2 protein chains.
Amino acid sequence: MPEATSNINPPARVLLVGYGVVGKRVADAIHQQPDMQLVGVVDASAGSLQRTAVDRQYPVFASSPDRLAAFKEAGIQTSGIMAEALPHSDIVIDAAPKGVTAQNVEQYAQAGKSFIVNGGEKHSLTNFSFSSLANYRAGIGKSKIRVVSCNTTALCRMLTALRRVDAIADSFVVIVRRGADPVRTSDGPINALVPVLGGASHHASDVQTVIPDLRISSMAVKVSTTLTHLHMLRVTFQGAVDEDHVKDTLRTNPRITMVRGSDGIISNAHVLELYRDRLRPRGDVWEVAVWEDSIHVMDKTVELCYCVHMESIIVPENVDAVRASLRLQSEPEIAVVMTDRAMGFHDPGWRYDVL
Amino acid sequence: MPEATSNINPPARVLLVGYGVVGKRVADAIHQQPDMQLVGVVDASAGSLQRTAVDRQYPVFASSPDRLAAFKEAGIQTSGIMAEALPHSDIVIDAAPKGVTAQNVEQYAQAGKSFIVNGGEKHSLTNFSFSSLANYRAGIGKSKIRVVSCNTTALCRMLTALRRVDAIADSFVVIVRRGADPVRTSDGPINALVPVLGGASHHASDVQTVIPDLRISSMAVKVSTTLTHLHMLRVTFQGAVDEDHVKDTLRTNPRITMVRGSDGIISNAHVLELYRDRLRPRGDVWEVAVWEDSIHVMDKTVELCYCVHMESIIVPENVDAVRASLRLQSEPEIAVVMTDRAMGFHDPGWRYDVL
């Protein structure tokens, strides 16, 4: 197990743009890293959520001059506007809404700053898609990085882990998607199943932006829940595989955890409740939570299911992406363990040396 | 296209036991058949639902002498008890709750009556599982028949149809199950995903009770909806297949219908609304409703999704089972078209001659 190295350089200065579902979580995680400094958080809106940033003593910046009045009116102290924060930043993590990000990145580029965007954006925006456990090394020194979406992140972790069992001949996933995040109260469905139509879902091709040589197809359906996504994954290997080997490989893989129906964890609600009881911030589940008793091995084929906490699973990968882009660490096993330790979810059973 | 033959024999006398979700629908369908007579309906409960049977002028029987008082108290006229109806019946369709059926079948056997049970029961109760489009001929003359469950019925229809495209090398289905029927208001989940754990779901092995030589595996998850199940089916054929051939085969297969997201049918709620607008009794969907624009063909593999109206899809197969058991028709293409015409959902595009 590698030790997190002490940092002799000044901390990397990270600006967080878009203080929403993802951004607020990434800001907290960056704030916890020993080798990083949160320059501040940028948002266009001024409300309760932005006030929590002030409570945490994060410098708050308005996204543009015309937004300053809203902050003043809401009584939220700002440190200025985004353009004033950029010169003091080494890198920007953008978690702004779709459309906004595309405009923002032009500003980052003009200011000569590296940036990280999140999974809602297209691969073509950065021409490099990142999921640390799959391709950390390829991200080293990249000035533009796209951290893939929650579903793709989970798939990249799982398929990278399963490739350690044996070469994968074929894979197929059905993604049972949560209808909306908990606070998106105007979204649905509340009593319907909405399949993704028009051919395969985009998830398979999105995984291939990170793992190009993987054979995978995917289908998806949106359902009436706000808690997590759930994946039904079927992988066919080149040869027959052993069930214990599959389980051991997953159990020891960083950022994958095992839960069991036989332990009372019989739904995604039970998974979330477990993490609330573990006092995770916001009840977040940064790991892929695999049901050990869903794992079904038949000769060359493995079927299993797991849940994906869409609000939080991509937070560690955002942190890793900073380390890769700014060359803070060249070894994935060190970069990842640093993130996990600083966030407080390092599991002593995880083998970082496989990375 | 075969013509429904006119019936020169007296109608087959059918007793319906268990006037619940399935039973009430099967009673109506039996009542519509030209070659069958509904002897009456049997139930243990006396309430609004049983009163609808009286409204339809179906003779109502109490399940046992000790239940007569409840019917009297509710002001529901009965024609006696089940034991009095049995001698006047040629066959019983049992749609009673689990546990009750197991007791009932002893009575049917003692009375020397053929019987049909429904999918909630085990294969071993009859040692013959039936799904007309897959194995009608094997059911001819059988005195004990189990009509398989809603999910298995849909799978048997689909896989039997797809086998006409080419030999199936492998198949895999993810079953997204409705949490509960609409009136099961004490059931859940209301905001969770509940996977079936402990290895494969029972659906694959249940299909094999009808189609023993089929290679299939299955996974299932219960979700927060009351409308329909939804299947994500992936079939790998022995050779490459043509997408138009797959679509034509499904479109012309009895009891399979095509819907399209491009037509505005984007969820199972939209499918049900379509059938309400078509003025189907109770809004029932007896067909497997396949999304044409979900069909995705890659070389030897087809992926598609469809919805399964769990309350009603097994009704036509119950009717067919009567015809098979009592040898009313020896040709599946005639038996099935008779059922479909009498129920009023015969589609002129369906090719019954493939059966």
Side-chain angles (χ1 to χ4, degrees), chain A residues 170 172-176 178-179 182 188-201 215 217-234 236 259-262 265-273 291-298 301 303-307, chain B residues 170 172-179 182 188-201 217-234 236 259-262 265-273 291-298 301 303-307:
Chain A
D170 190 26
F172 173 65
V173 64
V174 169
I175 298 181
V176 181
R178 61 90 183 86
I190 59 168
N191 187 13
L193 306 173
V194 189
V196 171
L197 301 173
S201 76
R215 191 178 148 96
S217 68
S218 60
M219 300 181 80
V221 56
K222 196 160 75 164
V223 304
S224 311
T225 184
T226 63
L227 300 182
T228 73
H229 304 299
L230 188 136
H231 291 190
M232 301 289 204
L233 177 64
R234 186 185 212 227
T236 304
V259 294
R260 280 182 296 279
S262 59
I265 308 299
I266 60 168
S267 79
N268 63 343
H270 293 77
V271 172
L272 288 202
E273 190 73 0
W291 271 282
E292 187 172 326
D293 37 10
S294 76
I295 298 174
H296 185 227
V297 176
M298 298 158 293
T301 300
E303 295 166 2
L304 52 80
C305 77
Y306 53 89
C307 63
Chain B
D170 191 26
F172 173 65
V173 63
V174 169
I175 297 181
V176 181
R177 293 172 60 187
R178 61 90 182 87
I190 58 169
N191 187 11
L193 306 173
V194 188
V196 171
L197 301 173
S201 77
S217 69
S218 60
M219 300 182 79
V221 56
K222 195 160 77 165
V223 305
S224 310
T225 185
T226 63
L227 301 183
T228 73
H229 304 299
L230 188 136
H231 291 190
M232 301 290 205
L233 178 64
R234 186 185 212 227
T236 306
V259 293
R260 280 182 296 278
S262 59
I265 307 298
I266 61 168
S267 78
N268 63 343
H270 293 76
V271 172
L272 288 201
E273 190 73 1
W291 270 283
E292 187 172 327
D293 38 10
S294 76
I295 298 174
H296 185 227
V297 175
M298 298 158 293
T301 300
E303 295 165 2
L304 52 80
C305 78
Y306 53 89
C307 64

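Quick note on labels: first sequence line is chain A, next is B, and so on, each numbered from 1. If you're wondering where the values come from, they're calculated on a predicted model, not measured in any experiment.
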Task: Engaged part of A:Ile265 at the chain B interface, taking heavy atoms whose separation is under 4.5 Å - done: backbone
Open item on the list: Counting heavy-atom pairs under 4.5 Å with chain A, which one of B:Asp293, B:Asn191, B:Val194 comes out on top?
Closed with: B:Asn191
Task: Side chain A:Asp170, main chain A:Thr236, donor-acceptor under 3.5 Å - done: no
Task: Atom pair OG/NE2 of B:Ser217 and A:His296 - distance to nearest 0.5 Å - done: 7.5 Å
TODO: Please state whether the side chain, the backbone, both or neither of B:Ser218 comes within less than 4.5 Å of a heavy atom of chain A.
DONE: backbone
Open item on the list: Between B:Cys307, B:Ser267, B:Ser262, who has the most heavy-atom pairs with chain A when the cutoff is under 4.5 Å?
Closed with: B:Ser267
- [ ] Against chain A, label B:Ile190 side chain, backbone, both or neither, depending on which of its atoms sit under 4.5 Å from a heavy atom there.
- [x] backbone
- [ ] Identify which part of B:His270 has an atom lying under 4.5 Å from any heavy atom of chain A, answering side chain, backbone, both or neither.
- [x] neither
TODO: Measure the CD-CG distance between A:Glu303 and A:Leu233 for me, rounded to the nearest 0.5 Å.
DONE: 9.5 Å
- [ ] Tell me, for B:Val174 versus chain A, whether the close heavy atoms (under 4.5 Å) come from the side chain, the backbone, both or neither.
- [x] side chain
TODO: Among B:Gly261, B:Gly179, B:Gly198, single out the residue with the greatest number of heavy-atom pairs under 4.5 Å to chain A.
DONE: B:Gly198
TODO: Among the options A:Leu193, A:Val196, A:Val297, pick out the one with the most heavy-atom pairs lying under 4.5 Å from chain B.
DONE: A:Leu193
TODO: Could you check which of A:Thr301, A:Val271, A:Asn268, A:Ile295 has the highest count of heavy-atom pairs closer than 4.5 Å to chain B?
DONE: A:Asn268
Task: Side chain / backbone / both / neither for B:Val223 at chain A, heavy atoms under 4.5 Å - done: side chain
- [ ] Heavy atoms only: give me the nearest A:Lys222-A:Arg178 pair and the separation to one decimal.
- [x] CG-O, 3.9 Å
Task: Heavy-atom pair with the smallest gap, counting every atom of A:Leu230 and A:Trp291 - done: CD1-CZ3, 3.7 Å
Task: Short side-chain to backbone donor-acceptor contact, B:His231 and B:Cys305, under 3.5 Å - done: no
- [ ] Compare every heavy atom of A:Val221 with every heavy atom of B:Met232, then report the nearest pair and how far apart it is.
- [x] CE-CB, 3.5 Å
Open item on the list: Under a 3.5 Å threshold, yes or no: a donor from one side chain and an acceptor from the other, between A:Ser224 and B:Thr225?
Closed with: no
Task: Heavy-atom pair count under 4.5 Å with chain A, highest-scoring of B:Pro189, B:Ser294, B:Ala192 - done: B:Ala192
